[in-house]
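Here's the structure we're looking at; comments come further down.
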Amino acid sequence: MSEKICKENKASKDDKKETENCCKVNLEAKDGGESDVPKVDIAVESDNTPSGPVLDTDIVKTRKCELKKIDWTGKLYLSPLTTVGNLPYRRLCKKWGADITCSEMAVATELLKASPQEWALIKRHESEDLFGVQLCGNNPYVMTKCTQLLEDQMTVDFVDINLGCPIEFIYKQGSGSGLLQRTNVLQSVVTCMNQVSSLPVTIKTRTGIHKDTNIIHNMMPKFKDWGASLITLHGRTREQRYTKQADWDYIEKCSQLCCPVPMFGNGDILSYEDYTESLKKSPSISGVMIGRGALIKPWIFQEIKEKKVFDISSSERFDVLKDYVNYGLEHWGSDTRGVETTRRFLLEWLSFLHRYIPVGILEASQKMNQRPPIYHGRDDMETLMASSNCSDWIKISEMLLGKIPTGFSFLPKHKANSWK
Ligand SMILES: Cc1cc2nc3c(=O)[nH]c(=O)nc-3n(C[C@H](O)[C@H](O)[C@H](O)COP(=O)(O)O)c2cc1C
């Protein structure tokens with residue numbers, strides 16, 4: 001089915017070769033695969049005319065009206081967050097009021113190879129009632145087959161295309177923000193994914209690639225024509241990474257250009273105040289996505305919904321950590337391996353969480369890129385939780401998960417937790 005759709009959409013021969021290679025690997029990988037990894041029977045699809053009866057799926061194409069409809073309006077969307085946006089963390093954010101959740105970025109070729117690690121990234125918790133899987137790839141066939149597979153094998157509400165990842169090797173492969181420079185391939189990706197399934201296809205992107213040059217407004221009419229169901233725009237270019245402030249005026253311009261396709265704005269929201277300011281600058285967006293703000297204070301969703309600022313005590317924050325650890329042990333297991341996996345991911349999260357400054361200590365509300373002076377908390381625990389020292393994060397992990405094993409060391413994976 002996906003090959004047929006891609007052929008009709010004239011995806012290039014090179015794209016197809018890549019897919020064939022990937023499918024061969026997949027068959028090898030299947031033998032040693034884990035039981036909860038779906039079998040990927042892609043090898044049955046070939047270039048030859050198929051034999052056997054003609055099925056409905058051979059002749060019936062998905063029409064627009066059959067696409068599943070989602071009402072995105074006014075919803076709070078937790079960003080896809082590689083490493084830290086794991087299932088236990090998303091479960092926590094659901095508890096605090098996130099409406100939409102999305103898996104960490106999964107590499108489409110790895111999913112087709114039936115890689116257990118990659119499939120683990122896209123598991124959904126039952127509390128995630130509006131959940132999407134984010135795919136990263138550079139090839140229409142691979143992305144389309146993956147979408148078909150997700151619809152067949154999983155219960156997922158939408159599929160998101162990563163069109164913003166700035167990481168060098170992803171960019172150089174022409175995936176993530178690299179796909180922004182390959183308009184024809186991108187067109188095939190979006191249109192073929194759209195045709196192969198009834199799942200809404202969404203796009204998450206940045207304002208452009210180079211320095212301060214915003215280009216994505218040129219793409220908005222195209223995204224609309226190609227059938228995107230939602231566009232989320234992080235208001236920075238690839239080269240800006242996290243420097244400068246997200247450009248919410250530009251988000252507004254783009255939102256108007258993609259209308260009536262809904263757009264979500266994304267960048268730097270850390271409080272209810274930031275949320276209202278963003279909406280003031282971008283009144284035509286349908287909703288917002290929150291990333292680091294939710295890592296620093298997962299209760300941000302409830303704050304926004306209740307239009308309040310919460311002054312959370314250190315013991316209440318410790319309870320939030322306890323919840324996370326319990327969810328982690330439930331998800332990764334409570335044996336030694338599960339405990340250590342939970343610890344690693346807890347530490348990754350603490351590398352963001354320590355940036356929270358309790359409201360009672362601040363004169364004005366905390367802003368994303370403003371580094372606070374070193375401060376003493378209102379109690380020892382609050383001071384410990386504010387520490388940017390890895391060894392203090394390890395101490396906190398020991399209060400929750402017991403002593404670290406001998407030879408244990410930890411360095412956070414993400415640079416995005418640092419002050420800009
Ligand atoms: C640790 C981390 C991991 C991220 N992983 C992803 C990802 O897998 N996919 C994606 O589209 N964006 C990813 N992002 C970008 C965020 O989704 C978001 O666009 C960005 O952080 C800006 O929003 P914020 O200012 O609310 O954090 C990641 C960001 C961070 C900080």
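Note that ligands are numbered from 1 as they come in the structure, with each ligand's atoms numbered from 1 the same way. Keep in mind that the numbers below use all heavy atoms, side chains included, and drop hydrogens, waters and symmetry copies.
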> Just by distance, with hydrogens left out, do Arg343 and Ser397 show a side-chain donor and acceptor under 3.5 Å apart?
Replying inline: yes
> Of the listed options (Arg292, Met289, Glu348), which comes nearest to atom 27 (O) of ligand 1 when hydrogens are ignored and any heavy atom counts?
Replying inline: Arg292
> Have Ser313 and Glu316 got a donor and an acceptor in their side chains that come within less than 3.5 Å?
Replying inline: yes
>> Below 4.0 Å, non-hydrogen atoms only: which portion of His234 touches ligand 1? Side chain, backbone, both or neither.
In response: side chain
> Going by distance only, is there an N or O of Val84 that falls short of 3.5 Å from an N or O of ligand 1?
Replying inline: no
> Using heavy atoms and a threshold below 4.0 Å, how should the contact between Lys204 and ligand 1 be classified: side chain, backbone, both, or neither?
Replying inline: side chain
> Under the 6.0 Å and 45° cation-pi test, does Arg124 pair with Phe131?
Replying inline: no
>> Out of all atoms in ligand 1, which are within 4.0 Å of some heavy atom of Asn162? Include the element for each.
In response: 9 (N), 10 (C), 11 (O)
> Can you tell which part of Leu81 has a heavy atom less than 4.0 Å from ligand 1: side chain, backbone, both or neither?
Replying inline: both
> For Ser284 and Ser255, which heavy atoms make the closest approach, and how far apart are they?
Replying inline: OG-OG, 3.0 Å
> Any chance the rings of Phe158 and Trp72 have centres within less than 6.0 Å?
Replying inline: yes
> Touching ligand 1 at all, Gly164? Heavy atoms, strictly under 4.0 Å?
Replying inline: no
> Can you list the ligand 1 atoms lying under 4.0 Å from a non-hydrogen atom of Ser79?
Replying inline: 16 (C), 17 (O), 18 (C)
>> Using a 3.5 Å distance criterion without hydrogens, assess whether the side chain of Ser282 forms a donor-acceptor pair with backbone atoms of Trp248.
In response: yes
> So, does Arg355 use its side chain to make a donor-acceptor pair with the main chain of Met368 at under 3.5 Å?
Replying inline: yes
>> Quick check: Glu104 and ligand 1, any N/O pair under 3.5 Å apart?
In response: no
>> For ligand 1 and Phe352, I'd like to know whether there is a polar contact (N/O to N/O, distance under 3.5 Å).
In response: no
>> Please classify the Thr82 to ligand 1 contact at 4.0 Å (heavy-atom distances, strictly less than): side chain, backbone, both or neither.
In response: both
>> Taking 4.0 angstrom as the limit and counting only heavy atoms of Asp268, give me the atoms of ligand 1 inside it, by number and element.
In response: 24 (P), 25 (O), 26 (O)
> Is there at least one pair of N or O atoms, one from Arg236 and one from ligand 1, spaced under 3.5 Å apart?
Replying inline: no
> Under 3.5 Å, side chain of Lys305 to main-chain N/O of Gly97, donor-acceptor pair present?
Replying inline: yes
Do any side-chain atoms of residues 256-275 form donor-acceptor pairs under 3.5 angstrom with protein atoms, and if so which ones, sequence neighbours left out?
unit_1	atom_1	unit_2	atom_2	d
Gln256	NE2	Glu252	OE2	2.6
Asn266	ND2	Met289	O	3.1
Asp268	OD1	Arg236	NH1	3.3
Asp268	OD1	Arg236	NH2	2.6
Asp268	OD1	Arg292	NH2	2.9
Asp268	OD2	Arg236	NH2	2.8
Asp268	OD2	Ala246	N	2.9
Ser271	OG	Glu273	N	3.4
Ser271	OG	Asp274	N	3.0
Ser271	OG	Asp274	OD2	3.4
Glu273	OE2	Ser365	OG	3.4
Glu273	OE2	Lys367	NZ	3.3
Asp274	OD1	Lys367	NZ	2.5
Asp274	OD2	Leu270	N	2.8
Asp274	OD2	Ser271	N	3.4

